Structure formats: C-alpha cells, structure tokens
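Working notes, structure below.
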Amino acid sequence: MYDVRSPKATEFIDHQEILDTLAYARENKDNKELVSSLIERAKDCKGLTHREAALLLECEDEELVEKMYKTAKEIKQKFYGNRIVMFAPLYLSNYCINGCVYCPYHAKNKHIRRKKLTQEEIRQEVIALQDMGHKRLALETGEDPVNNPIEYVLESIKTIYSIKHKNGAIRRVNVNIAATTVENYKKLKEAGIGTYILFQETYNKESYEALHPTGPKSDYAYHTEAMDRAMEAGIDDVGCGVLFGLETYRYDFVGILMHAEHLEARFGVGPHTISVPRVCPADDIDTADFSNAVPDEVFQKIVAVIRIAVPYTGMIISTRESAKCRERVLDLGISQISGGSRTSVGGYVEEEKIEENSAQFDVSDRRTLDQVVNWLLDLGYIPSFCTACYREGRTGDRFMSLVKAGQIANCCHPNALMTLKEYLEDYASPDTKKKGLAVIERELMNVEREKTREICRKHLKEIEEGQRDFRF
C-alpha cells in the first residue's frame, strides 16, 4: 500500500501506485485544459505531484510542450539564474563484487583492468584536477568490502582535503559509494563530505533484481532505503538519480519523483540533486542489450518536467552526454555539469590506452575544462566553482528554505563571480579569460543588493592581486 512517509521501500515506491499513475497520464493526456492548468499552476514554483508530472510528460500536444519548456526555463532562471556549477568525478577503485549487468565493473568481467589508487596516486590525481581548476569532486568506487572498505574512502577524503597545490584546493568532496549503514554514513558526515549521491538505477523492483543478480546491491530494499539511513545519520544533502534506459523511462520518472516526495515528507528536505544519466556503451556492455533507450527529444522533456515538478533541486548532467545534448537541456533545468572528466581509475594523470581500459563508461563530451568553461561563457552562462553553502553550513533545510524563498541567489550569484574570477586568474586560456572578465563585469550589475555588490567588487580586485577564497 502506498505510503509516502513509510520507511519501507516498497511502500514509498509502491508499484501499483506507479502503474495507476501511468494509467492516469495515458487517460488524460489529451485533456488540454487540465494540462494547461497544471503548467499554469507550476509557475507558482511550488512543484507538482508525481501524478501531475506524469501527465505533463505524457502530453504530446506541441503547443503545450512548448509551454512546458518555457515554464521550465522560467523556473530554472528564478531558482538558479544563469549559473552552472562545475565538478569532476574521481574514480578511486573499480574493484567490485556486484553482478550489475549494465556496468563494466561487474565481478565477472575479466577484460577490465582492475585498479585501486594508493594515497600517493590520489594525491597526484587531485593535483592534476586542481591544475585544471576544479574545486568540487565526486568520489566514485566499486563495492568491495576488502579492496574498498569505508576506512579507505575516509582516508582518501582526508587526503583530498589536505592537498593545496599552488592556488588549488578541493573545497567540496561529494561521495558516490554503495549503500551502507547508518554508522558508516555518520563517519562520512564527520569526514566533511558535501552530498551523498546514490543512483537507484531503476525503481522497478522486478527489473532491479534481474539487473542485479548477485552481490550486496541485489537487495532492492536496502539500496532504495539508503537515503533514509544517510539522513538519519545527519547527512542532509543527498543526491538521487536513475539510469534511464534500464526500465521504461515513464516508470523511473515517476519513481524518482516519488522518492523526492518521500524524503520531503519524512525528513522535510527533498534531494539536493537529481541526476539524469542514460545508459551508454562501456567495456563488456552493449547498449543494444537494453531495449528502453531514451531518445533526445524525450530526454529533453524529462529534464524540463523534473525541473517543473521539483523546482528546488539541483539537476546534474555528466559527460555521458554529447555537447549538443548538454546544450539543449542547460536552460531547461540543468544546474551542474562535469567538465574535463575521466571515468577511469587514475585517468587524470595518465590517459589510458584502449586495451587497458578501466573506465566505467564512455565519455561523449571529451572537451577540456577550459573548453567547457569557454563554451558556457559563449552561451551566456556563469561557470561557477562555488562551494560556499556547504562550507557556511547552508545545507539541508537551511539551504532548501533559502532556495524555496528565492533568496539563494543573494549568495550564489556573487560567489559564482568570485570563483569564476579565481579560475580566470589561475587556469584559463587567454580567450576564456577575456570572455570571462567581460561576463563578470556585466553580471556584477545583476547583484541585487548594493552593499553585496560593492563587497563583491572589492573581493574581485583582491583576487586579481593574489588573494583567494572569499565567500558570502
């Protein structure tokens, strides 16, 4: 029985409720008056229920779809403006004991080169990332209690935060590791992580169990309830995601919105981020094995409707997607993107030979971080390397209250400009620096509070003179 506040996975992600929701969407998709009224109500930025969002996703009327896109853009602008937060993944180890059929790390794959970084190798990877200009990382490991125990992850986090190379520093470490215990989540919290990220892959229990035949990840309930345990442990910024293409996209679209509703209902805080990866080729994995591929047009619509339904959440798109695809969805809802990413273990120091591949998936957008920053500037965005909210304690309900009140821009906008200025001074190519300085000068006038604007201007000058790490 569906119960949004239940701690049990099969009750807050109720299979019958999803089927009923999809049936409701099919039955009402041609009701233009109803769809139009939902789009109009969404402009209040209070979000929509999973059932209402499913109806928007199902609607195929071109005029109404355009209205959805227009509304999604307006909501994105209101909450996140034209700022795009930059990050990079850091793969620590690809040892894994799970049998996930869509992931090349699966235990039976004998082609992939297994590798685990030492603390010195992590140090070199982090220096390489700092020398690109990155300030925010997402740690990735396979699940292996022998090779990748929680102690290894904690030691690695400590190493990463300790490294200060030239003007570089990693100021926020997000962690994407397997579902674990409340006790281990408390340890991650004490280590100073930013967001705990865990992808559900699919919310369809039957499909989930078929896709995860062996290993600890095969336990659907334990995996699906991981965010609850993380929040019980005090981690109030969590990031959800599904791997679109494993199950029908409509099912998982409803599932992830139900998960967001559950976290909001039970803890008063929805997901800090929602990621929207699609299945892509990798070693020993053929996307032809999955019959639920999501076309670009549908993918755009998924991003737009998630933005409408969950207006407060950050949305992440990775380098799985091509530059063309990423450009299409930026103004529809995406607020964070990766740049210059390597998905192999140790790939930042030395790019691997094809025959020694240890990557988790193929990267479609292979541009350097500077090329991505340059591209964003050309599109009118502010590439942001800001980590201030996490470091100032604006997390969980404190962060969400500011976002929902439309006040977060008072901090984020000047912080974005100052961190962009750091990047331009320390790492940018001459062309990127020229474009970035022009954007900063223009965007300074969009800092609403005069006092904040003047402080920001002062700090920008100080950054030019060699000082670093100012924040509101």
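Small disclaimer: the values here were computed from a predicted structure and weren't measured. Just so you know, these numbers use all the heavy atoms, side chains as well, and skip hydrogens, waters and symmetry mates. Residues take their numbers from the sequence shown, with the count starting at 1.
- One finds no salt bridge joining Glu462 and Lys421 here, because no Lys/Arg side-chain nitrogen approaches an Asp/Glu carboxylate oxygen to under 4.0 Å.
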**Request:** Test Arg113 against Ser344 for side-chain hydrogen bond (donor to acceptor under 3.5 Å, both in side chains), laying out the working first.
**Result:** CA-CA 10 Å; Arg113 183 171 67 106; Ser344 55; over 6 Å; no
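- A salt bridge links Arg398 with Asp236: at least one charged nitrogen is closer than 4.0 Å to a carboxylate oxygen.
- In this model, a donor atom of one side chain and an acceptor atom of the other lie less than 3.5 Å apart for Glu443 and His413.
- Note that CD of Glu74 and OH of Tyr69 are 15.0 Å apart. Values are rounded to the nearest 0.5 Å.
- Considering CD of Gln124 and NE2 of His165, their distance stands at 9.0 Å, rounded to 0.5 Å.
- Salt-bridge formation is detected for the pair Lys217/Glu201: a Lys NZ or Arg NE/NH1/NH2 atom is positioned less than 4.0 Å from an Asp or Glu carboxylate oxygen.
- With values rounded to the nearest 0.5 angstrom, Arg391 atom CZ is found 4.0 Å from Asp469 atom CG.
- Between Asp378 and Lys435, at least one side-chain nitrogen of the basic residue sits less than 4.0 Å from a carboxylate oxygen of the acidic one, meeting the salt-bridge criterion.
- Contact check on Lys67 versus Glu40 returns no salt bridge, with no Lys/Arg side-chain nitrogen under 4.0 Å from an Asp/Glu carboxylate oxygen.
- Side-chain contact between Phe472 and Ile455 is present, with at least one heavy-atom pair separated by less than 4.5 Å.
- A side-chain donor from one of Thr202 and Asp252 sits under 3.5 Å from a side-chain acceptor of the other.
- Counting only distance, with no hydrogens or angles, the side chain of His106 and the backbone of Asn109 share a donor-acceptor pair below 3.5 Å.
- Checked by atom type, the side-chain pair Thr395/Asp237 shows no donor-acceptor distance below 3.5 Å.
- Note that CD of Glu454 and NZ of Lys451 are 11.5 Å apart. Values are rounded to the nearest 0.5 Å.
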**Message:** Is there a side-chain hydrogen bond (donor to acceptor under 3.5 Å, both in side chains) between Ser429 and Asp370? Walk through the geometry before answering.
**Reply:** CA-CA 7 Å; Ser429 64; Asp370 191 74; 2.8 Å; yes
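- With a 4.5 Å cut-off on side-chain heavy atoms, Ile122 and Ile160 count as touching.
- A salt bridge between Lys324 and Asp296 is absent, with no side-chain N of the basic residue lying under 4.0 Å from a carboxylate O of the acidic one.
- By the 4.0 Å N-to-carboxylate-O rule, Arg453 lies too far from Glu448 to be salt-bridged with it.
- Taking 4.0 Å as the cut-off between side-chain N and carboxylate O, Asp365 and Arg367 count as a salt-bridged pair.
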